[in-house]
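Some notes on the structure that comes next.
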There are 2 protein chains.
Amino acid sequence: MSPHLASDSLTQRLADSGLRSTPQREVVYSVLLRKRDHPTAEEVFARVKTELPTISLATVYNCLETLVQCELVRAVNFERSPTRYCPNLRPHAHFHDEQTGRTYDIDLPPAVLAEVNQVLPAGFDASSVEITFRGQARATS
Amino acid sequence: MSPHLASDSLTQRLADSGLRSTPQREVVYSVLLRKRDHPTAEEVFARVKTELPTISLATVYNCLETLVQCELVRAVNFERSPTRYCPNLRPHAHFHDEQTGRTYDIDLPPAVLAEVNQVLPAGFDASSVEITFRGQARATS
DNA sequence: CGATTGTTTGGAATAGTTCCAATTCCAAGT
DNA sequence: ACTTGGAATTGGAACTATTCCAAACAATCG
Ligand SMILES: [Mn+2]
Ligand SMILES: [Mn+2]
Ligand SMILES: [Zn+2]
Ligand SMILES: [Zn+2]
């Protein structure tokens, strides 16, 4: 029988880091993949509880941190509001709609990324860039 | 006699917002202008205390918020670490050195800013963009 | 002046997250 | 199968940055 891909790549990534695949980790990850709306830890907690009613918030935080460290999930911060979690691994920026609070992924073409890195003077060696827009989005998707 | 410019523009800006110029606000602002190393509220508090030994941390937070609202100062967030404050009003990105924790201003040419805004699909109306680099900086300044 | 409104202050409260010690789970090794 | 050592989970306490609050203080106005 062929299990679905996501859970396999999860098991693989965890193994690569010497970590175990657990029901908690699997459900936390699947919840992120299922609804890609950049939920907070509390929101993930609420969603996971429908499948694992006894999971604790501490475990959700643990799992999310693990997923971030395995580079399966990105932690996204807006100002000082609660951290949000994003399973989109392509290079992308975030657009935060100030009215609705919704967060949108904005694909970043390599050319733009290269251009942005050009602004760094000699001596600055960037390992990552983060681009965040704030404004108003007309409801499309 | 001609007072120095900074405190004047501060008084002006505050007045524009219907706010008063106070010793606390002036010293908080002057401390930010004097050492532009993106201090946290606690660091500002420590610096201001040498001039106003009885100022409270709550007041520092109040003053900083006021300055941000008057658009004389930018609040800078890096992940979930304490908010830092920056009196540089030109469009610029931030470079966070992961080793030293230091934050550098990186000037953003209008052309790059325009290019970055190009990535937004129709329907996304951005009021601001924030660009943050993380990496290692060779000590220059 | 007295009244009004804005500002500061210290301390309490809040929120998001992390820490901790106790339990539970699991994978080998016997 | 049974032990056992490490990994993972759990509930609750602790922590930290920030905000809230009510009282004191200060400036401005009539
Ligand atoms: Mn918002
Ligand atoms: Mn750092
Ligand atoms: Zn995203
Ligand atoms: Zn800056």
Side-chain angles (χ1 to χ4, degrees), chain A residues 7 10-11 13-29 31 38-49 51-70 72-85 101 103, chain B residues 7 10-11 13-31 38-49 51-70 72-86 101 103:
Chain A
S7 128
L10 170 60
T11 304
R13 281 294 184 102
L14 289 168
D16 292 352
S17 305
L19 300 169
R20 294 179 189 162
S21 176
T22 66
Q24 289 85 348
R25 286 172 179 167
E26 289 192 14
V27 175
V28 165
Y29 186 45
V31 148
H38 302 82
T40 64
E42 288 278 3
E43 286 164 349
V44 172
F45 183 43
R47 293 174 197 180
V48 171
K49 266 207 281 198
E51 278 177 74
L52 295 177
T54 65
I55 197 172
S56 73
L57 179 57
T59 298
V60 170
Y61 273 106
N62 289 342
C63 293
L64 289 170
E65 196 196 333
T66 298
L67 293 173
V68 168
Q69 270 163 357
C70 293
L72 283 163
V73 166
R74 270 177 65 180
V76 178
N77 288 285
F78 288 111
E79 265 125 52
R80 295 207 40 94
S81 59
T83 300
R84 299 177 166 279
Y85 296 89
T103 298
Chain B
S7 129
L10 171 60
T11 304
R13 281 291 185 104
L14 289 168
D16 291 352
S17 304
L19 300 169
R20 294 179 191 160
S21 177
T22 67
Q24 289 85 347
R25 287 173 179 164
E26 288 191 15
V27 175
V28 166
Y29 186 44
S30 80
V31 148
H38 302 81
T40 64
E42 288 277 3
E43 287 164 348
V44 171
F45 182 43
R47 293 174 197 181
V48 170
K49 266 206 282 200
E51 279 178 73
L52 295 177
T54 65
I55 196 171
S56 73
L57 179 57
T59 298
V60 170
Y61 273 107
N62 289 342
C63 292
L64 288 170
E65 196 197 331
T66 297
L67 293 172
V68 168
Q69 271 164 355
C70 294
L72 283 163
V73 166
R74 269 177 66 180
V76 178
N77 287 284
F78 204 72
E79 266 126 51
R80 292 203 47 89
S81 58
T83 300
R84 298 177 166 279
Y85 296 88
C86 169
T103 299

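Chain A is the first sequence line, chain B the second, and so forth, proteins listed ahead of strands; every chain is numbered from 1.
Taking CG of Leu19(B) as the start and CZ of Arg13(B) as the end, the distance is 12.5 Å to the nearest 0.5 Å. Interatomic distance, Asp16(B) CG to Cys70(B) SG, rounded to the nearest 0.5 Å: 8.0 Å. For the atom pair CD1 (Ile55(B)) and CG (Asn62(B)), the distance works out to 9.5 Å, reported to the nearest 0.5 Å. Taken to the nearest 0.5 Å, the OG1 atom of Thr66(B) stands 4.5 Å off from the CZ atom of Arg25(B). To the nearest 0.5 Å, atom OH of residue Tyr85(A) and atom CG of residue Leu72(A) are 14.5 Å apart. Distance check: Phe78(B) CZ to His38(B) NE2 gives 12.0 Å after rounding to the nearest 0.5 Å.
Ranking dC20(D), dG12(D), dT18(D) by closeness to the Ala58(A) side chain, first place goes to dG12(D). Side-chain proximity of Leu19(A) to the nucleotides dT18(C), dA17(D), dA8(D) is greatest for dA8(D).
At whole-Å resolution of the value, CG in Asn62(A) and P in dT10(D) are 9 Å apart. Separating the CD1 atom of Ile55(A) from the P atom of dC25(C) is a distance of 14 Å, rounded to the nearest angstrom. One can place CD of Glu26(A) at 15 Å from C1' of dC25(C), the figure rounded to the nearest angstrom. Rounded to whole angstrom, the span from the CG atom of Leu67(B) across to the C1' atom of dT7(C) amounts to 14 Å. One can place CG of Asn77(B) at 13 Å from P of dT17(C), the figure rounded to the nearest angstrom. Protein atom CG of Leu64(B) is 14 Å distant from nucleotide atom C1' of dT19(D), rounded to whole Å. We find that CZ of Arg84(A) is positioned 13 Å from C1' of dG16(C), with the value rounded to whole Å. Rounded to a whole Å, the OH atom of Tyr61(A) is 16 Å from the P atom of dT16(D).
In this structure, Thr83(A) reaches the dT17(C) phosphate: one of its side-chain N or O atoms is under 4.0 Å from OP1 or OP2. For dC25(C), neither phosphate oxygen OP1 nor OP2 lies less than 4.0 angstrom from any side-chain nitrogen or oxygen of Gln24(A). For Ser56(A), a side-chain nitrogen or oxygen approaches OP1 or OP2 of dT10(D) to under 4.0 Å. Remark: Arg80(A) is in phosphate contact with dT18(D), judged by side-chain N or O atoms under 4.0 Å from OP1 or OP2.
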Residues Glu26(A), Thr11(A); criterion side-chain contact (heavy atoms from CB on, under 4.5 Å); working and verdict = CA-CA 8 Å; Glu26(A) 289 192 14; Thr11(A) 304; 4.2 Å; yes

ask   = After noting the C-alpha distance and the side-chain angles of Arg20(A) and Leu14(A), does the key distance pass the side-chain contact (heavy atoms from CB on, under 4.5 Å) rule?
value = CA-CA 6 Å; Arg20(A) 294 179 189 162; Leu14(A) 289 168; over 6 Å; no

request  = Might you work through the side-chain contact (heavy atoms from CB on, under 4.5 Å) test for Lys49(A) and Phe45(A), ending with a clear yes or no?
outcome  = CA-CA 6 Å; Lys49(A) 266 207 281 198; Phe45(A) 183 43; 3.6 Å; yes

request  = Applying side-chain contact (heavy atoms from CB on, under 4.5 Å), run through Val28(A) and Leu67(A) and close with a yes or a no.
outcome  = CA-CA 9 Å; Val28(A) 165; Leu67(A) 293 173; 3.8 Å; yes

note = B/S/- along nucleotides 23-30 of chain D (protein heavy atoms under 4.0 Å) is ----S---

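Heavy atoms of Thr40(B) sit nowhere under 4.0 angstrom from any nucleic acid atom. Thr22(A) comes within contact range of the sugar-phosphate backbone alone, with a heavy-atom separation under 4.0 Å but no base atom that close.
Axis angle across the helix from dC1(C)-dG30(D) to dT30(C)-dA1(D), with five pairs used at each end and values rounded to 10°: 10°.
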